[in-house]
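The next block holds one structure in the form of structure tokens; read it before the comments.
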Amino acid sequence: MNKKIIIRTLEKIALYMELKGENPFKVSAFRKAAQALELDQRSLDEIEDVTKLKGIGKGTGDVILELINDNKSTVLEELQEEVPKGLIPMMKLQGLGGKKIAKLYKELGIDSMETLKVACLNEEIQKLPGFGPKSEEKILKEINDFETKPDRQPIWKTEETVAFIQDVLTSIAEVTECSVAGSFRRTKETSKDIDFIIATAEPALVKEQLLAALPVKETIASGDTKVSVTVEVLEPIDVDFRLVAPEEFVTALHHFTGSKDHNVKMRQLAKSQNKKISEYGVEQEDGTVTTFASETEFFAHFGLPFIPPSVREDGRELDRLDELPELVTIEDIKGDLHMHTTWSDGANSLTEMIEACVAKSYQFMVITDHSQYLKVANGLTPERLTEQHALIRETNKKYPEIEVFSGTEMDILPDASLDFDDDMLSQLDFVIASIHSSFQQPQEQIMERILTAMKNPNVHMIAHPTGRIVGQRDGYNPDVEQILDWAKEYGKIVELNASPYRLDLAVPYLVLAQEKGVPVAINTDAHAIEGLEVMETGVKHAQKAWLKKDTVVNTWSLEKFKEFINKSK
DNA sequence: GCCGTTTTCGGCCCGACTGTTTTCAGTCG
């Protein structure tokens with residue numbers, strides 16, 4: 001029996017119970033049991049007694065045991081007999097929960113999204129006690145949206161909307177302080193909606209100006225302290241605004257940054273200290289409410305170090321506090337190993353890129369323009385690369401504050417050969433190998449291409465190892481675990497491409513890379529000076545995988561980096 | 001259903017908004 005199937009079965013049971021109107025705490029007990037299994041790194045076979053896990057007791061333990069032994073769950077089967085299957089997808093409709101759906105089923109016999117739609121159109125819903133014309137209208141709209149609206153948007157789409165809103169907010173005089181919160185602040189790859197916290201003494205005034213300045217497509221909710229709207233800057237997305245008093249800003253920001261699991265853990269901790277956390281502050285035993293000037297102070301109040309938003313995910317971060325000082329930060333970054341210039345498809349010249357890196361106080365950088373195969377990107381021929389190499393050496397002398405290495409981002413060709421011969425490669429300081437073509441090849445062929453690069457002693461790093469675009473394409477589907485094993489064997493670096501489009505490798509693979517002892521480089525792949533800024537996103541993404549400074553190549557000293565790249569020579 | 005060095009019973013994170021109600025249940029994050 002697969003662990004994932006057990007987790008999903010427990011979640012399914014919770015869902016069915018919700019529709020049955022079971023005690024909410026019982027429902028959440030099943031969700032917690034599923035989570036306990038999921039958070040445990042071990043495989044099913046390695047877990048001796050599941051009931052030893054916190055959150056799994058007799059009831060949920062029996063369900064798991066039955067699944068392992070008999071490959072079925074009597075509890076689930078019984079629930080499925082009582083509750084029609086068609087009710088499950090209805091839980092995804094905003095505004096409809098277990099109780100309302102159960103009522104619709106009981107009173108009107110609605111057992112699927114289709115029958116629900118018909119009932120709305122026939123105006124049957126509004127006749128039910130507890131429902132009205134507005135409920136009916138809202139349900140109908142939700143059904144239509146459900147078919148068209150994407151579930152989550154990738155970070156590279158939301159960041160434009162976030163920046164737009166940030167600009168609007170800073171232009172409003174009555175806004176004392178504001179910040180994006182939610183999953184975007186935690187640097188999740190995708191977001192369902194965008195959250196903003198606004199500190200102001202004049203909430204009504206701010207609300208009015210805000211709504212006037214935004215391209216609002218629809219207002220979902222509009223209270224005194226909470227405003228929810230669908231905004232269309234690039235693509236429509238829901239945005240929640242919370243308006244709080246200036247002194248409440250920090251606790252509100254923490255609360256709405258989440259994650260939900262992180263908040264639950266924090267509140268439990270507060271409770272154990274006889275305190276109570278809410279978005280408005282921390283209530284002390286004597287009933288007074290404490291507020292804070294910064295999140296650092298907030299955490300310190302509970303005897304905790306500052307926990308970066310990027311790691312506030314499943315609640316386990318509170319058990320890994322001793323690892324926080326080792327976590328890679330933007331201040332640790334000493335260089336960038338992947339960027340382009342006007343020699344290939346970059347927008348800025350060699351000197352412009354160097355000066356931009358100097359401005360960032362980097363100690364080293366590598367120029368890595370495309371190779372000849374990528375004609376659309378004006379890839380360099382061996383002749384042009386030789387010429388550029390000489391120019392980089394010459395220009396480097398003018399900038400004693402930074403070491404500029406000469407490199408290439410060389411294509412691994414569809415036939416598993418490399419775009420430059422060893423003679424050319426051996427003259428360069430740093431060689432990136434990457435795949436930009438024939439993504440559709442079967443996995444064996446893709447892996448053969450990668451192995452060629454791995455085996456070549458002149459290659460230092462594999463860039464964007466899966467070729468994915470967040471929320472858009474999966475890439476070329478390599479066996480990442482195998483890539484990491486090869487990287488370890490052949491002494492190569494794997495890249496964390498910091499571009500919000502890529503964020504490649506993804507978090508679970510980065511975790512694996514660190515476990516296996518494979519060095520990771522966080523690179524911007526900048527095609528212009530502004531592109532260097534995505535380093536920050538890359539570092540936060542790395543933090544989500546708990547990458548330590550030591551794992552990350554571009555936190556190394558110049559000497560250590562030099563030693564690494566010269567090893568093969 | 002799960003948990004517990006004050007507890008084996010009585011809690012389980014906490015609060016806002018909506019649409020329905022005439023004071024609140026349901027849903028959401």
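Everything numeric in this text was worked out from a predicted model, so none of it was measured.
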Check your understanding: What integer number of Å spans the P atoms of B:dG15 and B:dT8?
Key ->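 It comes out at 28 Å once rounded to the nearest Å.
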**Study point:** Whole-angstrom distance between B:dT7 and B:dG1, as gauged at atom P
**Key:**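 My reading of the P atoms in B:dT7 and B:dG1 gives 25 Å.
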Under 4.0 Å, counting only non-hydrogen atoms across every strand here, what does [X] touch: a base, just sugar-phosphate, or nothing?
X	result
A:L93	sugar-phosphate
A:F30	sugar-phosphate
A:K192	sugar-phosphate

Counting only side-chain N and O atoms of [X], is one of them less than 4.0 Å from OP1 or OP2 of [N]?
X	N	answer
A:S228	B:dC17	no
A:Q126	B:dT20	no
A:S28	B:dC12	no

Short N/O separations, protein against nucleotides 23-25 of chain B, under 3.5 angstrom:
none

Report each atom pair, protein N/O against N/O of nucleotides 13-16 of chain B, whose distance is under 3.5 angstrom.
residue : atom : partner : partner atom : Å
B:dC13  : O2   : A:R267  : NE           : 3.4
B:dC13  : O2   : A:R267  : NH1          : 2.4
B:dC13  : N4   : A:K260  : NZ           : 3.2
B:dC14  : O4'  : A:R267  : NH1          : 2.5
B:dA16  : OP1  : A:Y280  : OH           : 3.0
B:dA16  : O3'  : A:T225  : OG1          : 3.2

Could you state the atom-to-atom distance from [atom1] of [X] to [atom2] of [N] in whole Å?
X	N	atom1	atom2	value
A:K52	B:dG4	NZ	P	14 Å
A:D240	B:dC17	CG	C1'	11 Å
A:I56	B:dG4	CD1	C1'	18 Å

Check your understanding: Side chain of A:S191, backbone of A:I194: donor and acceptor closer than 3.5 Å?
Key ->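 A pair under 3.5 Å: no.
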